[in-house]
*Asks:* 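Before I ask anything, let me first share the structure, which is written out below as C-alpha cells.
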Amino acid sequence: MTVRTRIAPSPTGDPHVGTAYIALFNYCFAKQHGGEFLLRIEDTDQARSTRESEQSIFDSLRWLGLDWDEGPDVGGDAGPYRQSERKSIYEQYAQQLINTGHAFKCYRTTEELDTLREAKRAQGGFAALKPSELKLPQEEAAAREASGAAYVVRMNVPEGTGPCPIEDMLRGTIELDWGQVDAQVLLKSDGLPTYHLANVVDDHLMGISHVIRGEEWINSAPKHKLLYEYFGWDMPVLCHLPLLRNPDKSKLSKRKNPTSIGYYERMGFLPEALLNYLGRMGWSMPDEREKFSLAEMIEAFDINRVSLGGPIFDVEKLRWLNGLWLREDLNHEQLADRLQAWALNRSNLMAVLPLVQSRMETLSDFAPLASFLAAGMLPLKAESFGESKLEADDVKRLLQFTLWRLESLRTWERDDIFACIKALADAMEIKMRDFSAPLFIAIAGTTASFSVFDSMVLLGPDMSRARLRHALQVVAGEIGKKQLKKLEKDYANLAL
C-alpha cells in the first residue's frame, strides 16, 4: 500500500502555524514511508474563502519547505483539489445515502431546531438531535417539499447510547458514546457539503491511507466511521495529534501568541528554524537533540514518538532556536543573502521610496523614516499614545474595533483598508484625523510618518494585525471575558 497523507486547510484567513504543524507531521510520515503528500483546499465556506488566502497557504507552506505531490496548483490524478470544484461529486454521494436509507432530507426551520434544542437541554444528558426528533411526519415533509421549502441532507445515526470504539495510532482504542452523535448535516441548503461529507468522500476518492489531524476532530470520528460503513469503504488509519498550547496551557490563539505563518516570515525567522521548532512540538529525535533539519527529521521520524501532552508554543524558545540557526548554519555571505531576500531587496525598496522621498533631504534620512518597516514589535508604552486626543478607554475601543474590522477584510489593498477604517471612524463618530493618530503609533511608532494605510500595505496583513494586537496589549493589558463581551456587544451595535 502506498502511504498517502494530506493537509486540507480552509482559505479563510492568515495561514496558521497549527496548519504548518499538522502539515509537517503529515509530510514527514509520508516521506519516511516513501509515500505521497497532498494539499486539498476546503473552500466550501464561500462567504469567507478567498483566492488571496489560498495563495497565502501556497506561499507559506512553500516558504517552510513543505511542498506537495498533488494539489490545486500542481494537479494530479485525483483532482480537482478544491472542494468548490467538486460540488456535483458530493451531491451524487449524498443522493446515494438518501437512496440507501442512510440519510434524509430535513425540512426543519431554524425556529423549530431552536425549540428542539431547548427541549433537549431541559431534559439533561446529551444534547445531540437524533433522526427521530428531526424527521417530520411523512405528510408534512411532502407538503414542504411540494412548496419548495429549503432543506438540508442529514445522516442517520444510532438513536440510543452506548460505546463507539475508534482506533487511533497514538491513543489506541478511544471509546465515545453514540449519545453525543447528532444527525449531522451532510449537504447544506445551498447544495454545498459540510466538512464531514466532503472530508470522507475526498479522502476515499483521493486514496488517503492515513488521516493525521488535530485532536479537536476526535469527537467527529464516529460520524466519519459511520459514513465509511454506509458507503462500504475502508476507513483510513486515524491519528489525532495534540493541540498546540500557549505557555499558560490554553489553546494556541492569536490573542495570546502570534499564530500566522506570515508573521514569523515577516519578523525574520528562518523557515528552517520554524520547521525545526514545530517538529519539537510533542515529538523528539531519538538522541533528544533540539536542533535538526527537515531531512534529518524525515530520516528519524517515528510517529509513535509523539507525546500526547499539549505541546507549548513558546515564542521566546523559538527565538533562541532561530538564533542557533543564524549563528551556526549561515556564514557572513549567506546571512547577507538572507537579509537581502528578507527585507533589503530592490522590490521592497522601490515600494518604499515613493512614500519617503518627499520627506528626505539627505540619504541618511531614509533609515529613520523607514526603519519601522524592517522592525518586529515596536517598543511601545502606554505613554506612547499620549499624542492622541482620545481618552485611554476610547483608544482601547478604537484599536480593538479596528483589529476586528481588519481581520474580516478579504483583500489587503490601500483603498480597501482606508474604506474599512473610514467606515469604522464614521460609525464611532470620531474625526478621521483623531482616529488615525493611535493607528500611526501602533503601526509606525509615531504620528510623524507617511500614510498609515500605505504603511499597512507595506507591512502586510500579518504584521499589521500583530502590531495592533501588541498596541492593544500595551494600552489595555489582558482584556477579561466580561470586558471582551461588552466590547463585542458595542462593536455589534455599530452601524457598519
Side-chain angles (χ1 to χ4, degrees), residues 1-9 18-40 42 61 66 68-71 76-78 81 83 93 155 157 163-178 181 184 186 193-244 278-279 281-284 286 297-311:
M1 176 187 69
T2 300
V3 169
R4 283 167 66 86
T5 66
R6 50 78 170 168
I7 186 74
T19 299
Y21 159 65
I22 299 295
L24 172 61
F25 281 72
N26 274 277
Y27 183 90
C28 287
F29 185 83
K31 298 307 173 184
Q32 208 274 335
H33 289 87
E36 295 154 348
F37 171 64
L38 283 66
L39 173 65
R40 185 170 73 226
E42 297 193 344
L61 292 178
L66 299 176
W68 41 97
D69 300 292
E70 300 174 27
D77 295 334
Y81 296 90
Q83 289 187 338
Y93 283 102
M155 67 185 295
V157 297
C164 171
I166 299 294
E167 297 302 321
D168 183 277
M169 287 179 72
L170 293 177
R171 303 160 193 267
T173 302
I174 306 170
E175 284 205 349
L176 301 169
D177 197 304
W178 282 117
V181 180
Q184 175 67 50
L186 300 177
T194 61
Y195 168 84
H196 304 279
L197 176 65
N199 167 71
V200 167
V201 169
D202 288 348
D203 282 346
H204 173 73
L205 296 181
M206 294 180 184
I208 301 304
S209 62
H210 295 75
V211 171
I212 303 171
R213 60 190 181 187
E215 64 186 351
E216 70 268 31
W217 293 109
I218 288 176
N219 286 340
S220 296
K223 300 174 186 179
H224 301 168
K225 180 178 181 178
L226 266 184
L227 286 173
Y228 278 102
E229 290 176 1
Y230 289 165
F231 287 123
W233 300 335
D234 292 332
M235 189 172 182
V237 178
L238 297 183
C239 179
H240 293 93
L241 297 176
L243 293 177
L244 300 183
L278 290 172
M281 295 290 99
W283 184 84
S284 61
M297 182 174 176
I298 292 170
E299 184 178 0
F301 192 72
D302 178 358
I303 202 159
N304 291 309
R305 291 185 61 83
V306 171
S307 168
L308 294 180

*Asks:* Please report the closest heavy-atom contact between Ala221 and Met235, naming both atoms and the distance.
*Replies:* O-CE, 4.2 Å
*Asks:* So do Arg6 and Met206 actually touch side chain to side chain, heavy atoms under 4.5 Å?
*Replies:* no
*Asks:* Closest heavy-atom contact between Pro193 and Ala198?
*Replies:* CG-CB, 3.8 Å
*Asks:* Do Cys239 and His210 come close enough that some side-chain heavy atom pair is under 4.5 Å?
*Replies:* no
*Asks:* Looking only at atom types and distance, does a side-chain atom of Arg305 sit under 3.5 Å from a main-chain N or O of Trp283, one as donor and one as acceptor?
*Replies:* no
*Asks:* Looking at Arg4 and Asp203, is there a salt bridge between them, counting it only when a charged N and a carboxylate O are closer than 4.0 Å?
*Replies:* no
*Asks:* List in chain and number order the residues that pass ring pair (Phe, Tyr, Trp, His ring centres under 6.0 Å) with Tyr27, two or more places apart in sequence or in another chain; answer none if no residue qualifies.
*Replies:* Phe37
*Asks:* So do Lys223 and Val157 actually touch side chain to side chain, heavy atoms under 4.5 Å?
*Replies:* no
*Asks:* A side-chain contact here means heavy atoms from C-beta on lying under 4.5 Å apart; do Leu39 and Pro9 qualify?
*Replies:* yes
*Asks:* Side-chain contact test, heavy atoms from C-beta onward, threshold under 4.5 Å: evaluate it for Trp217 versus Val211 and give yes or no.
*Replies:* no
*Asks:* To check you understand the geometry: which heavy-atom pair defines the closest contact between Gly35 and Asp69, and what is its length?
*Replies:* O-OD2, 4.3 Å
*Asks:* Dump the intermediate steps for side-chain contact (heavy atoms from CB on, under 4.5 Å) on Val201 and Leu227, then the final yes or no.
*Replies:* CA-CA 9 Å; Val201 169; Leu227 286 173; over 6 Å; no
*Asks:* Taking it one step at a time, do Trp178 and Leu226 satisfy side-chain contact (heavy atoms from CB on, under 4.5 Å)?
*Replies:* CA-CA 11 Å; Trp178 282 117; Leu226 266 184; 3.6 Å; yes
*Asks:* Does Asn304 CG have over 12 foreign heavy atoms under 6.0 Å away?
*Replies:* yes
*Asks:* Restricting to non-hydrogen atoms, name the atom on Phe25 and the atom on Gly279 that form the minimum distance, rounded to 0.1 Å.
*Replies:* CZ-O, 4.1 Å
*Asks:* With Ala20, which residues qualify under side-chain contact (heavy atoms from CB on, under 4.5 Å), at least two apart?
*Replies:* Leu64, Ile261, Leu278
*Asks:* Should Arg40 and Asn199 count as side-chain neighbours, where that means a heavy-atom distance under 4.5 Å?
*Replies:* yes
*Asks:* Just wondering, more than 12 heavy atoms not from Glu167 lying within 6.0 Å of its CD?
*Replies:* yes
*Asks:* How long is the gap from CG on Leu186 to CG on Leu197, to the nearest 0.5 Å?
*Replies:* 5.0 Å
*Asks:* Testing the 3.5 Å rule here: is there a donor-acceptor pair between the side chains of Glu42 and Tyr195?
*Replies:* no
*Asks:* Kindly give the heavy-atom pair with the smallest separation between Ile166 and Lys225, and that separation in Å.
*Replies:* CD1-CD, 3.7 Å
*Asks:* How about Tyr93 and Trp233: are their ring centroids closer than 6.0 Å?
*Replies:* yes
*Asks:* I'd like to know whether the aromatic ring centres of His224 and Tyr228 sit less than 6.0 Å apart in this structure.
*Replies:* no
*Asks:* Going by heavy atoms in the side chains, are Leu238 and Ile218 under 4.5 Å from each other?
*Replies:* no
*Asks:* Rounded at 0.5 Å granularity, tell me how far CD1 in Ile22 sits from CE in Met281.
*Replies:* 12.5 Å
*Asks:* Any side-chain to backbone donor/acceptor pair from Glu215 onto Leu243? Under 3.5 Å, distance only.
*Replies:* yes
*Asks:* Answer yes or no: is there a side-chain heavy-atom contact under 4.5 Å between Leu66 and Ile7?
*Replies:* no
*Asks:* For His240 versus Asp168, what's the shortest heavy-atom pair and its separation?
*Replies:* ND1-OD2, 2.8 Å
*Asks:* Counting only N and O atoms by type, is there a donor-acceptor contact under 3.5 Å from the side chain of His204 to the main-chain atoms of Val200?
*Replies:* no
*Asks:* Can you tell me how far OG of Ser220 sits from CZ of Arg213, rounded to the nearest 0.5 angstrom?
*Replies:* 6.5 Å
